[in-house]
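I am attaching a structure below and will ask some questions about it afterwards.
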Amino acid sequence: MATAAHVVVVGAGIVGAAVAEALALDGLRVTVVDRHPPGGGATAAGMGHVVVMDDSQPQIALTSYSQQLWDQRGPSLPAAGERIVCGTLWVAADDEEMTEVFRKRDFYRDRGIAAEALTGSALYKAEPMLRAGLAGGLRVPGDSVVYPPPIAAAMLDTVRQHGGEVLIGCGAKSMTGNQIRLEDDRVIYCDYAVNAAGSAAGLLTPGFEIRPRKGHLVITDRYPGFVRHQLVELGYLKSAHSSTGSSVAFNVQPRPTGQLLIGSSRQFGDTSREIDHEILSRMLGRAIEYMPAIASLSTLRVWTGFRAATPDKLPLIGPHPEDPHLLLATGHEGLGITTSLGTARLIADHLAGRTPAIPPEPYLPWRFQKTPADDLHREAGFQPIHST
Ligand SMILES: Cc1cc2nc3c(=O)[nH]c(=O)nc-3n(C[C@H](O)[C@H](O)[C@H](O)COP(=O)(O)OP(=O)(O)OC[C@H]3O[C@@H](n4cnc5c(N)ncnc54)[C@H](O)[C@@H]3O)c2cc1C
C-alpha cells in the first residue's frame, strides 16, 4: 500500500487549521507547526463575521462558497464557537446609498443569495437603536457570526484524531515545499508544505506583497437585545477597499452573550500592537454617530490585530510559481474567517487532483509572480498526489 504523503502546515490560525483538517480527512499525514497556541494571531483578534462580499466576482465566489460550507458544518461546530445566523444589515445613510442597496440586492439575488431591501421604517423595526434619519438598508439573512479560536482548536483535534501532529511552540525559520527549518534548527522533511502564517507569511515566502493591515476592536459588557444583526454601514465598502491611509467604519456585532463587538478600523504602516487612541476614538465616534446609545455602554476591552492584505484584495491560495510543492494559503485580509473553509477545500482539491467547486485561478499566487516557470507549470499541469 502506498504511504500517504506528508504535508506540513505552518500556522495554526483558522486558515491553517482548516487546511490541515481537510488534508487529514483526505487521508494525508499532516503536521501543523505554530510558534503560538492555536487560534492566536488574527484568528483571535478578528470579528468572526461570516459574510458574503461582492467586491469582485472571485470574492463573491469564494465567500458564498465558504458560507455554504459554514452552513453545512454549523450543527457540528463546538458550542464554544458560538455560531449564530443573525444576518447582516447593511445600513444606508442616504438616497445615494439606497441606490447601492438595490444594486447589491439584485447582484446577490442573481447569484442565489437571499437579500432584502428595507425602507427606513423597516430598518428601525429591525434595529430600533439606530439613529433617526437613515434611509434604509439591506438585510442579508444568511450571514452569521462565529468565535473562531475554539473552532480552530476543534479542527486541530480532528487532525490529531487522524494521526496528525500539532507542534506548538515551534517557529519556522524558513520553508520550502519539502523542508521546514525550525527556529531551533531542527528540520522537518515533507512531500508538500503549506504556508498559512497569516500576515507573517511573506517572511517565510518572500516575493509576494503581503502587508499587515492593523485593526482595532472593542467589546462591551452584556446588553442582550441591543442589536440583532451584524450592522455595517454601506460606507464601509468605500473605506475598507481603499488601499492607502487609515479608515474607520460603523460595524457592530451582537454576541450570543449579549455583548457587542464594535469595529472597525484599518491602517497600513503601523505594525505595533499598541492601541492607537486617535483611531480608536474615531472608530467609536463613528459607531456613536450611527447608534448614539453606544456612548452609554460600558466597554470591557480593546485589542488590535493584523489582517494579511494583498494588492488586489484577494487571497493567495495554491502552489508557489517556482516551487509546486509549496502551497500558499494566506492574504485573506478581512475575510479569512469567512473564507477559511473555502480555502481549505481549494488546497485539498488541488492536492487530490479533484475539480474544485469554484474556479481556483483568481486566487493562484501565479498572478503576482509571472516567471518563465509559470508557463512551464501551466503547460505541465500539476500531478495529483492521490485521488479520491
Ligand atoms: C480587527 C479584525 C477584524 C476582523 N474581522 C473579520 C471578520 O469579521 N470576518 C472575517 O472573515 N475575517 C475577519 N478578520 C480577518 C481574519 O481574522 C483573518 O483573515 C484570519 O484570522 C486569518 O487567519 P490565518 O489563519 O490566515 O492567520 P492567523 O490567525 O494570523 O494565523 C497565523 C498563524 O501563523 C503563526 N505563525 C506566523 N509565523 C510563523 C512562523 N514563522 N512559524 C510558526 N508559526 C507562525 C502565527 O503564530 C499564527 O498563529 C479580521 C481581522 C482583524 C484584525
Side-chain angles (χ1 to χ4, degrees), residues 8-20 32-53 59 62-63 66-67 70 88 143-149 151-153 155-156 166-175 180-184 188 193-205 210 212-219 230 232 236 240 248-249 251-253 261-267 273 279 283 302-310 315-317 328-344:
V8 176
V9 179
V10 177
I14 190 80
V15 172
V19 168
V32 180
V33 300
D34 199 309
R35 196 182 277 130
H36 300 298
T43 296
M47 219 178 188
H49 183 202
V50 175
V51 55
V52 175
M53 292 283 277
Q59 189 186 67
L62 185 59
T63 54
S66 296
Q67 196 188 64
W70 279 105
T88 303
D143 289 346
S144 55
V145 304
V146 294
Y147 178 56
I151 298 176
M155 290 166 167
L156 295 172
V166 180
L167 307 177
I168 298 306
C170 288
K173 195 153 78 175
S174 64
M175 71 188 292
I180 316 299
R181 183 170 293 277
L182 300 179
E183 280 160 352
D184 61 10
I188 308 177
V194 182
N195 181 347
S199 61
L203 301 175
L204 289 170
T205 308
I210 304 165
R213 199 172 192 190
K214 185 171 176 175
H216 291 70
L217 285 179
V218 173
I219 191 149
Q230 172 100 23
V232 194
Y236 170 89
V248 297
N251 190 344
V252 172
Q253 178 181 107
L261 258 186
I262 305 175
S264 61
S265 69
R266 287 177 142 80
Q267 287 167 280
R273 297 205 163 268
I279 199 134
M283 185 179 98
V302 184
W303 65 88
T304 63
F306 296 92
R307 308 168 179 94
T310 64
L316 294 155
I317 307 170
L328 299 183
T330 183
H332 297 80
E333 227 263 65
L335 288 170
I337 294 159
T338 302
T339 56
S340 54
L341 299 187
T343 299

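First listed ligand is number 1; within each ligand, the first listed atom is number 1.
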Per-atom contacts of ligand 1 with Cys170, taking only distances under 4.0 Å to non-hydrogen atoms: 43 (C)
Are any of the N/O atoms on Gly41, whether in the backbone or the side chain, positioned under 3.5 angstrom from an N/O atom of ligand 1? no
Which part of Thr339 is near ligand 1, with near meaning a heavy atom under 4.0 Å away: side chain, backbone, both or neither? neither
Could you find the nearest protein heavy atom to atom 31 (O) of ligand 1 and give me its residue, atom name and distance? Gly13 CA, 3.5 Å
In ligand 1, the atoms that come under 4.0 Å of a heavy atom of Thr338 are 10 (C), 11 (O)
Distance from atom 8 (O) of ligand 1 to nearest protein heavy atom, with residue and atom: His49 N, 2.9 Å
Distance (rounded to the nearest 0.5 Å) between Ile180 CD1 and Leu167 CG: 11.0 Å
Could you check whether any side-chain N or O of Thr338 sits under 3.5 Å from a backbone N or O of Thr63, counting only pairs where one atom can act as donor and the other as acceptor? no
Heavy-atom distances under 4.0 Å decide this one: backbone, side chain, both or neither, for Leu204 against ligand 1? side chain
Using a strict 4.0 Å cut-off to heavy atoms of His36, name the atoms of ligand 1 that fall inside it. 47 (O)
What verdict does the side-chain contact (heavy atoms from CB on, under 4.5 Å) test give for His49 and Val232, after you've listed the backbone C-alpha separation in whole Å, the side-chain angles of each residue and the deciding distance to 0.1 Å? CA-CA 11 Å; His49 183 202; Val232 194; 4.2 Å; yes
Is Trp303 reaching over with its side chain to a backbone N or O of Ala45, donor-acceptor style, under 3.5 angstrom? yes
Answer yes or no: is there an ion pair linking Arg307 with Glu333, defined by an N-O contact shorter than 4.0 Å? yes
Residue pair Met175 / Ala193: nearest heavy atoms and the distance that separates them: CE-CB, 3.7 Å
re atom 42 (N) of ligand 1, the protein heavy-atom contact at minimum distance is Ala172 N, 2.8 Å
Would Ile14 count as being in polar contact with ligand 1, using the rule that some N or O on each side must be under 3.5 angstrom apart? yes
Proximity winner for atom 43 (C) of ligand 1, if only heavy atoms of Gln230, Met175, Met47, Arg35 are counted: Arg35
Ala329 backbone acceptor or donor facing Thr343 side chain under 3.5 Å: no
Closest heavy-atom contact between Gly13 and Asp34? N-OD2, 4.2 Å
Interfacing atoms of ligand 1 (cut-off 4.0 Å, heavy-atom, Ala200): 37 (C), 38 (N)
Thr330 side chain to Gly198 backbone, donor-acceptor under 3.5 Å: yes
Return the option from Thr43, Asp143, Val32 holding the heavy atom at the smallest distance from atom 29 (O) of ligand 1. Thr43
Closest approach of any protein heavy atom to atom 15 (C) of ligand 1, naming residue and atom: Glu333 O, 3.1 Å
Relative to the heavy atoms of Gly305, which atoms of ligand 1 are at a distance of less than 4.0 Å? 53 (C)
Among Leu328, Thr339, Val19, Leu62, find the one that has a side chain to side chain contact (heavy atoms under 4.5 Å, CB included) with Ile317. Leu62
Of all heavy-atom pairs linking Ala172 and Val10, the shortest is CB-CG1, 4.0 Å
shortest atom 17 (O) of ligand 1-to-protein heavy-atom contact is with Ala42 O, 3.1 Å
Contacts satisfying side-chain hydrogen bond (donor to acceptor under 3.5 Å, both in side chains) that involve residues 193-203 (not counting sequence neighbours) are Asn195-Thr205
Taking atom 25 (O) of ligand 1 as the reference point, the nearest protein heavy atom with its distance: Val15 N, 3.1 Å
Min heavy-atom dist Thr330 to ligand 1 below 4.0 Å: no
Between Val50 and Gln67, what is the shortest heavy-atom contact and its length? O-NE2, 3.8 Å
Return yes or no for this condition: an N or O of Asp34 is under 3.5 Å from an N or O of ligand 1. yes
Return a yes/no value for Gly336: is any of its N or O atoms, backbone included, closer than 3.5 angstrom to an N or O of ligand 1? yes
Output the list of atoms in ligand 1 that are nearer than 4.0 Å to some heavy atom of Ala196, sorted by atom number. 32 (C), 34 (O)
Mind listing the closest non-hydrogen atom pair of Met53 and Leu335 along with its distance? CG-CD2, 3.8 Å
Under 4.0 Å from any heavy atom of Leu335, which atoms of ligand 1 are there? 10 (C), 11 (O), 12 (N)
Quick check on side chain to side chain contact (heavy atoms under 4.5 Å, CB included): which of Asp143, Val51, Val252, Asn251 does Gln230 satisfy it with? Asn251
Nearest non-hydrogen protein atom, atom 27 (O) of ligand 1: Gly198 CA, 3.6 Å
Among Gly215, Ala44, Gly46, Gly334, closest by heavy atom to atom 13 (C) of ligand 1 is Gly334
Distance filter under 4.0 Å to Phe306 heavy atoms, resulting ligand 1 atoms: 53 (C)
Around atom 51 (C) of ligand 1, find the nearest protein heavy atom and jot down its residue, atom name and distance. Arg307 CG, 3.6 Å
